[in-house]
Amino acid sequence: MEGFIKFFGTGGARFVVSKQLRATGGLWFHYKDTNLYIDPGPGALVRINTSDEVFNPAHLDGIILTHKHVDHTNDVNVLIEAMTEGGFKKRGILFCPEDAIQEDPVVLKFARNYLDGIQFLKEKRYYILKDIPFTVPVRHIHPVETYGIIFDLNPRIGLLTDTRFFDTLPEHYRVDCLIVNVLRLKPVGQQYIIDHLSVQDFIEVVTEVKPEVAIMTHFGMNIIEEGPEMLAERLQKETGIRIIAAYDGMKWEF
Ligand SMILES: [Zn+2]
């Protein structure tokens with residue numbers, strides 16, 4: 001095992017965030033000698049520091065923000081401070097959509113100065129952070145500029161972040177392991193929050209992509225009430241694809 005993903009949060013959307021029904025701290029991605037943090041939502045720094053296993057933000061090499069929504073970015077400034085040891089050690093690359101630091105920025109100017117650099121995520125571009133090469137397949141349909149990520153490793157790992165479903169979405173995420181933000185139980189129109197994937201959309205994606213394993217995360221209220229583990233079990237039977245419901249603190253090794 002050369003890599004792992006640690007789930008410091010598996011909750012998403014405003015009610016789950018407000019009540020912290022699930023943690024919303026995002027993901028720590030480790031591969032070989034590289035540490036990358038993805039979407040540090042509310043509570044990220046607390047979850048990192050209260051984890052049973054020691055995680056040191058000063059060992060991070062970079063941070064990805066898939067988009068600027070608060071459940072994905074709330075702790076980015078404190079995390080940059082922690083990564084750079086209070087700003088005294090310039091370090092790390094921030095990867096984010098341009099609108100995360102342009103209009104109504106979520107990354108404050110003082111924190112930007114602590115970084116080694118900022119790279120904007122753009123459709124079809126290729127990036128490399130030490131041992132971790134990754135690409136951005138397609139711009140998602142979401143109220144702000146939003147991108148999923150494909151980590152070009154062995155196995156290829158896709159992170160399908162917030163989006164409304166669209167027909168060509170599955171073909172952009174042909175990977176071995178697919179992590180999907182599945183926020184809603186029902187399709188658009190039957191629930192309050194739109195521009196997120198429903199369980200039905202998730203089924204459509206995984207049956208087309210056919211990954212070795214699909215991991216569901218970033219759950220909204222209705223999915224949490226339904227029980228993500230039971231749901232994953234049911235969907236696995238239905239699709240014949242291995243499906244895992246992520247839980248807070250889960251460490252998935254690859
Ligand atoms: Zn969002």
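When a ligand or atom number is given, it counts from 1 through the structure's own listing order. Worth saying up front: this structure is predicted, and the values here are computed from it rather than measured.
Checked against a 6.0 Å centroid threshold, the rings of Y126 and F134 do not count as neighbours.
In this structure, E53 does not pair ionically with K6, as no charged nitrogen and carboxylate oxygen lie closer than 4.0 Å. Between K90 and D116 there is no salt bridge, since none of the side-chain N atoms of the basic residue sits less than 4.0 Å from a carboxylate O of the acidic one. In summary, E85 and R91 do not engage in a salt bridge, as defined by a charged side-chain N under 4.0 Å from a carboxylate O. With salt bridges taken as basic N to acidic carboxylate O contacts below 4.0 Å, none links K32 and D131.
Within the protein, the N, O or S atoms lying under 2.8 Å from the Zn ion (ligand 1) are H67 NE2, H69 ND1, H142 NE2, D162 OD2.
For the residue pair H140/H142, the side-chain donor-acceptor check at 3.5 Å is not satisfied.
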